[in-house]
Amino acid sequence: MSILKLKPCCKDYIWGGRRLADEYGISSEKDILAEAWVLSCHPDGPSLIVNGPHEGKTLAEYIQANGSQVLGTHCRRFRDFPILVKFIDAKQNLSVQVHPGNRFALAEEHQYGKTEMWYVMDAGPNAFLYYGFKREVSKEEFAQRIREDTLLEVLNAVPVQKGDVLFIEAGTIHAIGGDILIAEIQQNSNVTYRVYDYGRVGKDGKKRDLHIEKALAVTNRVPILRSGKSYPHVADCDYFTVDKLNLDGCVMRKVEGAVGGRVLCQHPDYERKRKNCLRQRERSLSERG
């Protein structure tokens, strides 16, 4: 099977910027490029194949035509392609929101719930995220604070910097703050219940909808303990496992094998290339100093 090159689906939500286009070269004709769904089978934003005999098909159409076996053994237990990967450019604060779990989402929305993780690609000096509550709140207090616009007072604001990781389990109230670039790996879902939106209006000049009753039904109202574990995986759950690979910018390794579990082999020239690269770097540093 050849590698499929995908064109992302681009979203121009009102809080987004242009860094994904200007700095990362993602092509979009939109004035705002808030999100790029780079690996997606979701009907709200499918990835498009741009190479080979399947050029022009969506990733979902390719899987449907070639059978679920193209996804590998770990996807067999899922009815649909299980994950969605996107890049997010939050120029402004995103709305405070929560995602339901599978049972509620399937019953109410006819799609899966949404557990996700965030990897902070870049962040401004004062950047922060909202992640759960500072303390336990009752359902009644939660509803009252939404009505009175005082919800932010009980949310847990977490300062972040480049390289930080947060795991957002379904039911966790959260929001991405402004001046942050994020890579998001999530369940294949687009169900979001918005509970606070800073009084903003959409493109139609009206305030965006809130989903208070559904949010009250699914939100975990106790503080979330942030895990400091990063080994062996930066994130690991029933839906995805995420590893971080640190590269030094010049050493390349060729690997061979298949995704089906074979051992990948190091290219025989790897060690020679690595030593040459280190010598070039030492020479460059010597000339500077």
Side-chain angles (χ1 to χ4, degrees), residues 8-40 42 44-47 84-100 114-133 145-146 149-162 164-168 170 172-187 189-212 214-215 219:
C9 178
C10 298
K11 304 291 185 178
D12 60 347
Y13 304 133
I14 58 175
W15 41 262
R18 288 286 303 175
R19 293 186 65 184
L20 295 177
D22 297 341
E23 298 177 27
Y24 289 84
I26 295 177
S27 177
S28 175
E29 297 178 356
K30 302 177 185 293
D31 293 332
I32 294 174
L33 180 49
E35 293 185 357
W37 294 19
V38 295
L39 177 63
S40 171
H42 200 282
D44 290 347
S47 301
L84 194 160
V85 179
K86 63 177 68 166
F87 294 136
I88 301 173
D89 175 14
K91 184 177 181 180
Q92 303 174 31
N93 295 336
L94 274 67
S95 62
V96 178
Q97 55 192 243
V98 66
H99 307 301
K114 186 176 175 184
T115 286
E116 62 192 14
M117 69 143 287
W118 294 335
Y119 177 82
V120 179
M121 299 162 59
D122 198 12
N126 301 311
F128 69 93
L129 309 165
Y130 286 120
Y131 182 64
F133 291 95
R145 286 188 175 277
I146 293 174
D149 284 346
T150 61
L151 181 61
L152 299 185
E153 295 176 7
V154 292
L155 295 185
N156 180 34
V158 180
V160 292
Q161 59 186 354
K162 183 177 180 178
D164 283 349
V165 175
L166 278 88
F167 181 72
I168 315 293
T172 303
I173 195 164
H174 61 277
I176 301 174
D179 198 14
I180 302 177
L181 277 176
I182 277 181
E184 178 175 297
I185 295 90
Q186 59 162 88
Q187 282 183 267
S189 172
N190 196 30
V191 180
T192 295
Y193 299 147
R194 192 182 300 123
V195 296
Y196 181 77
D197 198 30
Y198 307 93
R200 287 183 297 204
V201 296
K203 296 176 183 178
D204 58 1
K206 300 178 181 179
K207 288 186 177 181
R208 298 197 295 173
D209 291 338
L210 302 181
H211 314 96
I212 296 173
K214 289 181 176 179
T219 301

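Heavy-atom basis, side chains included; hydrogens, waters and symmetry copies ignored. Throughout, numbering of the chain's residues begins at 1 and tracks the sequence.
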For [X], what residues pass the ring-ring contact (aromatic ring centres under 6.0 Å, His included) criterion, not counting sequence neighbours?
X	answer
Y119	none
H174	H99, W118
F87	none
W15	Y13

If I compare all heavy atoms of [X] with all of [Y], which pair ends up nearest, and what's the gap?
X	Y	answer
A36	L20	N-CD1, 4.1 Å
A34	G16	CB-CA, 3.6 Å
G45	C9	CA-SG, 3.5 Å

I'd like to check the side-chain contact (heavy atoms from CB on, under 4.5 Å) partners of [X]; sequence neighbours left out, ordered by chain and number.
X	value
S189	Q111, K114, V191
I212	I146, L210, L216
I180	V120, A123, A127, L129, V160, I176, I182
A175	V96, Y130

Fill in the blank from the handout: Hits for side-chain hydrogen bond (donor to acceptor under 3.5 Å, both in side chains) against R145, two or more places apart or cross-chain, chain-then-number order -> E141, T150, E153
Exercise for the section: Not counting sequence neighbours, which residues clear side-chain hydrogen bond (donor to acceptor under 3.5 Å, both in side chains) with N156? List them please. Expected result: none
For the backbone of [Y] and the side chain of [X], can you confirm whether one donor and one acceptor N or O come within less than 3.5 Å of each other?
X	Y	result
Q186	L84	no
R208	R200	no
T115	A170	yes
D122	K162	no
T172	I168	no

Min side-chain heavy-atom separation [X]-[Y] under 4.5 Å:
X	Y	result
K207	V201	yes
L155	Y196	no
L39	I185	no

Problem - Residue pairs involving residues 87-99 (criterion salt bridge (Lys or Arg N to Asp or Glu O under 4.0 Å); sequence neighbours excluded) - result: none
Handout entry: Qualifying salt bridge (Lys or Arg N to Asp or Glu O under 4.0 Å) pairs, either residue in residues 25-37, two or more places apart
Key = E35-K86
Please report the interatomic distance [atom1]([X]) to [atom2]([Y]), rounded to the nearest 0.5 Å.
X	Y	atom1	atom2	answer
D12	K203	CG	NZ	3.0 Å
Y198	L94	OH	CG	8.0 Å
R18	I26	CZ	CD1	10.5 Å

Exercise for the section: Please work out which of the three classes, parallel, tilted or perpendicular, describes the rings of H211 and Y193, given edges at 30° and 60°. Expected result: tilted
Exercise for the section: Evaluate the criterion side chain to side chain contact (heavy atoms under 4.5 Å, CB included) for residue pair Y24 and L33; output intermediate values, then yes/no. Expected result: CA-CA 11 Å; Y24 289 84; L33 180 49; over 6 Å; no
